[in-house]
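These numbers come from the heavy atoms of this one structure, side chains and all, not from hydrogens, waters or symmetry mates. Within every chain, numbering begins at 1; the chains are lettered A, B, ... in the order of the sequence lines, protein sequences first and strands thereafter.
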Amino acid sequence: MLRISCPWCGPRDEPEFRWGGEVPVLRPGPPEAVSDSAWAQYLFVRDNPKGWVRERWVHAFGCRQWLIVVRNTVTHEIRATARLTEPLPEVTP
Amino acid sequence: MRFSALALARGAFSFHGNWPQLWRSPEPKRRYDVAVIGGGGHGLATAYYLAKEHGVRNVAVLEKGWLGGGNTGRNTTVVRSNYFYPESARLYELSLRLYEGLSRELGFNIMLSQRGILTLAHDSHQLKMLARWLNAMHLNGIDGELLGPGEVRQWLPLLNDSPTARYPVKGAVLQRRGGIARHDAVAWGYARAADTLGVDIVQNCEVLGFLREGERVVGIETTRGCIQADKVALAVAGHSGVLAAKAGFRLPVTSYALQAFVTEPVKPALSCVAVSMATGAYVSQSDKGELVVGGSLDLYPSYAQRGNLPTLQAVVAGLLELFPCFSRLRMLRQWAGIVDVVHDSSPIIDHAPVKGMYLNCGWGTGGFKAIPGGGLVFAHLIATGRPHPAAEAFTLRRFASGALIDEGAAAGISH
Ligand SMILES: Cc1cc2nc3c(=O)[nH]c(=O)nc-3n(C[C@H](O)[C@H](O)[C@H](O)COP(=O)(O)OP(=O)(O)OC[C@H]3O[C@@H](n4cnc5c(N)ncnc54)[C@H](O)[C@@H]3O)c2cc1C
Ligand SMILES: [Zn+2]
């Protein structure tokens, strides 16, 4: 069971949250200039790191805000959480 | 060394103390024609078919842990070919047919038990989805039958059919040729057969990186030294992204933990495999009598082979809604494997973006049933440079071209 510290609500249990993908993933544009392969990179291709990752979660059954979580995919340790309006925390492996 | 009644009798005279090792444990050579990374079912089957079908025998399988210690030894062993799209039906049917002859071919009892798999619908919408799916199966030439609630009850007498059941059963699709097999035996059988044909199986040998000559991969760096290889084949499931990063490219793969649990053994209580569309839980009974239970993924990326408690609870809750009498059973073991999930729940069997390298991944939650077929088509690609006719659609390109084969959405069941 993860315990995720929501920047608005404080520490809450994992089932209150939904995972929303690794970040940053930037949408390429403008649409008419984006090749199929660049679009596929954006939609489907991920780093999927073994170790520290920055990801977006939503506190779905709480305040319903999105947040940034810095999490280790091997140990599941959570090093930091942040609001989307804050600068993205750095990750060092 | 092949098993037979005679060998068994001979073994009895020495109190079974003299059985030879099933495969050698050689030091890795300095050079191979093909280095297969990953000693799971797909890697081992690939090596076997390279040697058997294509005469490529200077092959190594490099496994960082022990053979079959990844998902191949952690899965719930459901085999079936009831997929939706023609491309998938063709590949998985090829695999099921190979499974049907595999014990004989390998001389190793893989304990294939085609006891039937029932996918249950709990409301009229699911029933319509099942009927549509069954039509697709028939168009693809796959066997399947639609069962009404009465027939389902005959197959699953312990099912909760009380009028107040949260998940009443409206019907099911049955594939009689579906069932289960013994996962370790599949790995061991292929390992022994590949070894007999000269393949080196090297365990405790982790691949750390790749040797390059310009654009081309020409070998690998391992914990047991550098090994040259004309061709490098990746069959590492949940670790595909990790090795791709070491070779300098990225994949449309996300690694998740998928859990399974077994109960204490009981007398025969369940004669088939039952999958519930609504709860995502599925269950079968092993020959030892344990109920083998699985369900959905832990829904965030993970490389920890443990699994989280909330998912376990959700799966068990779903199971108990269907079979309330199982509530008295205790879980004996729980574990997880790291599965390689792609967006359309279909595999990637293709050249890697880097020359000299080949990819077999994306099986996600359902690649055990595909081990014989996956090995066969991957060996074909490696040996000939061209896709096997049954695997032409399973390219990496499809993510850019849009020709996805979305089995997750179409058939709705994941294993
Ligand atoms: C709980 C669970 C239930 C499942 N249930 C079913 C089911 O009922 N039916 C079904 O069809 N499928 C099922 N699956 C999926 C199935 O298990 C997998 O798709 C299949 O086993 C994949 O086989 P593989 O050979 O590709 O991978 P694996 O068996 O995982 O083999 C990959 C190997 O690569 C090795 N490796 C990784 N990195 C390195 C490295 N750097 N160097 C060397 N070796 C490395 C790993 O140690 C591992 O042994 C299930 C999976 C899980 C986890
Ligand atoms: Zn909150």
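- Counting heavy atoms of neighbouring residues, nucleotides and ligands inside a 6.0 Å radius, atom CH2 of B:Trp66 does not exceed 12 of them.
- B:Ala304 approaches A:His76 most closely through the heavy-atom pair CB-NE2, 3.9 Å.
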- For side-chain contact (heavy atoms from CB on, under 4.5 Å), just list the numbers for A:Arg18 and B:Tyr300, CA-CA rounded to whole Å, side-chain angles, deciding distance to a tenth of an Å, and then say yes or no. CA-CA 8 Å; A:Arg18 288 286 170 273; B:Tyr300 49 84; over 6 Å; no
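- Pairing each heavy atom of A:Asn48 with each of B:Val253, the nearest pair is ND2-O, 3.2 Å.
- Annotation for B:Arg166: atom CZ does not count as buried by contact number, only 12 or fewer foreign heavy atoms lying within 6.0 Å.
- Proximity to chain A (any heavy atom under 4.5 Å) is restricted, for B:Tyr256, to the side chain, taken from C-beta onward.
- Here the closest non-hydrogen pair linking A:Asp47 and B:Arg250 is OD1-NH1, 2.6 Å.
- Each of B:Pro252, B:Pro301, B:Ser302, B:Ala400 has some count of heavy-atom pairs under 4.5 Å with chain A, and the biggest count is that of B:Pro301.
- Atom CD of A:Glu14 and atom CG of B:Asn308 lie 4.0 Å apart (nearest 0.5 Å).
- Using a 4.5 Å cut-off between heavy atoms, A:Ser35 makes no contact with chain B at all.
- Across all their heavy atoms, B:Arg306 and A:Val74 have their closest contact at NH2-O, 3.9 Å.
- Atom NZ of B:Lys246 has more than 12 neighbouring heavy atoms from other residues, nucleotides or ligands inside a 6.0 Å radius.
- Annotation: A:His59, atom NE2; neighbour count of heavy atoms from other residues, nucleotides and ligands within 6.0 Å is above 12.
- Taking every heavy atom of both residues into account, B:Tyr303 and A:Pro49 meet most closely at CE1-O, 3.1 Å.
- Separating the CG atom in B:Leu309 from the CG atom in A:Leu2 is a distance of 11.5 Å, to the nearest 0.5 Å.
- Residues A:Trp19 and B:Leu299 approach most closely at CB-O, 3.3 Å, considering heavy atoms.
- Proximity to chain A is limited to the side chain of B:Pro310, based on heavy atoms less than 4.5 angstrom apart.
- Between chain B and the options A:Ala40, A:Ala38, A:Ser37, A:Gly20, heavy-atom pairs under 4.5 Å are most frequent for A:Ala40.
- When A:Gln41, A:Lys50, A:Met1 are compared by the number of non-hydrogen pairs under 4.5 Å with chain B, A:Lys50 comes out ahead.
- Using a 4.5 Å cut-off between heavy atoms, B:Leu312 makes no contact with chain A at all.
- No more than 12 heavy atoms of other residues, nucleotides or ligands lie within 6.0 Å of CZ in A:Arg56, so this atom counts as exposed by the packing criterion.
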